[in-house]
There are 2 protein chains.
Amino acid sequence: LLCLENVWKIYQMGEIEFAALKGVDLEIDKGEFVAILGPSGSGKSTMMNLIGCLDLPSRGTIRLDARDISKLCESDLAQIRGKKIGFIFQQFNLIPTLSVLENVMLPLEFQEVDNDVARQRALGLLELVGLKDRVYYNPSQLSGGQRQRVAIARSLAVDPDIILADEPTGNLDSKTGAYILDFLNGLHTNEGKTIIVVTHDLNIVKYAEKVVYIKDGEIEKVEYT
Amino acid sequence: LLCLENVWKIYQMGEIEFAALKGVDLEIDKGEFVAILGPSGSGKSTMMNLIGCLDLPSRGTIRLDARDISKLCESDLAQIRGKKIGFIFQQFNLIPTLSVLENVMLPLEFQEVDNDVARQRALGLLELVGLKDRVYYNPSQLSGGQRQRVAIARSLAVDPDIILADEPTGNLDSKTGAYILDFLNGLHTNEGKTIIVVTHDLNIVKYAEKVVYIKDGEIEKVEYT
Ligand SMILES: Nc1ncnc2c1ncn2[C@@H]1O[C@H](COP(=O)(O)OP(=O)(O)OP(=O)(O)O)[C@@H](O)[C@H]1O
Ligand SMILES: Nc1ncnc2c1ncn2[C@@H]1O[C@H](COP(=O)(O)OP(=O)(O)OP(=O)(O)O)[C@@H](O)[C@H]1O
Ligand SMILES: [Mg+2]
Ligand SMILES: [Mg+2]
């Protein structure tokens, strides 16, 4: 499904250059549950942004369904992002001027889904993550873990084939985190979705079929469980 | 040192009222290492903001060193915040227009510390949290865990007596998290600092002398270890 070939990401800051990813090779099959582990600053979020078509590599190739994403025009990329990929950001990235409900409806609005249908789906997802009493709140009125759960609900709005979760349980207590993990695993087992999770939580690793270890921008090893 | 008596925090949103804390009673002694646990949305950050003199209770009393903080004028409160308390925020709250180094120097600048002294201290703290290669970066160029470590370094800038850490390791891999925890414990054991940590990480709980469990805005139980 997804293939990274000699992928580099180099940040240019005036005279200084920093390579966040250095020659990464990685294959992820359709329907796989992959965990990505590694120290803080090792390149995990950078890799997730590339996989999620939110950014392009400095060198190397990324193929999604055999298509080279750096050869696609912006409207094709937007189509992939909007329909195929659900992204849970490490820092949530909620829209502060919209309510919780509007935030979760947004991906559906972009897909021009009927407003009532979008609303019902968003309400259902918010109930699933335990936030049905918070749907009209503004993100600034929520706790850290509540914002994380809105981000999780939003990522599932269009029922995407691929879910990219960047540290989805970092702000959650272990009980809520286990519930979310269980739900993600259900999407994998019952609906064949491809799940890629960056995590520091070793409980998540138990659910993964493949564990990728990153260090200083390089893949250290890949384990199959 | 710190005494909460029948503390309530009620948020008013038009017609709707929500009580985030309901009649909290809590005592924390000087030099104690306290862990605060509880589900997402249970009121932990709300309580930390009150303890940190960043907010006032709707009802009840908070005493710090026997002084009722709701009776203090803003300049006294600012003095306490600036000198006595180091706060590590759950969402970091770094200043985006300042460099990493300037962010850590800021609390010292507020205390009118000599610029060169402030700079040396900030550089030392950034080295301690493993970020000496990132001091001139902007927060937007850092990973989640790197931002968390800048927030940690900043909280220690004025060498405060009380450290309030709201989920300080949520974005850190277990090795970096353990290192940070060990360092905080050192400040407690060797320098007699009072450490209050909100956490979901049960490793942190092992270091605590007192564990406070919060649920739906109320203290469920307090354990002594
Ligand atoms: N400004 C606000 N207006 C209305 N409600 C608020 C506001 N701030 C917080 N709340 C509510 O107060 C409750 C407690 O929030 P708090 O941030 O203290 O939770 P928490 O225990 O820190 O949770 P987490 O573990 O998810 O960070 C939440 O239900 C939240 O929605
Ligand atoms: N815009 C940028 N400019 C310069 N350097 C950057 C930029 N974005 C990220 N970096 C650097 O790239 C490295 C990898 O960042 P990344 O966010 O991928 O790490 P991470 O593995 O997700 O870490 P964490 O576990 O702390 O979230 C970091 O050292 C960071 O400082
Ligand atoms: Mg990251
Ligand atoms: Mg909180």
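Numbered from 1 within each chain, the chains take letters A, B, ... in sequence-line order. Keep in mind it's a predicted model, so treat the numbers as computed, not measured.
Note: Ser40(A) OG to Leu142(B) CG = 9.0 Å, rounded to the nearest 0.5 Å.
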Open item on the list: Working note: Phe18(A) + Tyr137(B), criterion side-chain contact (heavy atoms from CB on, under 4.5 Å); need CA distance, chi angles, decisive distance, verdict.
Closed with: CA-CA 11 Å; Phe18(A) 177 76; Tyr137(B) 275 49; 3.7 Å; yes
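Only the side chain of Ser143(A) comes within contact range of chain B, with at least one heavy atom under 4.5 Å from a heavy atom of that chain. Using a 4.5 Å cut-off between heavy atoms, Gln141(A) contacts chain B through its side chain alone, with no backbone atom that close.
Contact count versus chain B (heavy atoms, under 4.5 Å) is highest, among Leu172(A), Thr176(A), Ile16(A), Thr169(A), for Leu172(A). For the options Pro39(A), Ser45(A), Gly38(A), heavy-atom pairs under 4.5 Å to chain B are most numerous at Pro39(A). Of the residues considered (Lys175(A), Lys44(A), Arg147(A)), Arg147(A) shows the highest number of contacts with chain B, using heavy-atom pairs under 4.5 Å.
Although no hydrogens or angles enter the test, the distance criterion places no donor-acceptor pair under 3.5 Å between the side chain of Asp173(B) and the main chain of His200(A).
Along residues 87-106 of chain B, the residues that come nearer than 4.5 angstrom to chain A, judged on non-hydrogen atoms, are Gln90(B), Gln91(B), Phe92(B) in order of number.
Evaluation of the salt bridge (Lys or Arg N to Asp or Glu O under 4.0 Å) test over residues 200-210 of chain B, restricted to residues two or more places apart or in two chains, returns Glu32(B)-Lys210(B).
For Glu27(A), the CD atom sits in a loose shell: 12 or fewer heavy atoms of surrounding residues, nucleotides or ligands are nearer than 6.0 Å. The neighbour count for Tyr11(B) OH, taken as heavy atoms of other residues, nucleotides or ligands under 6.0 Å away, is above 12.
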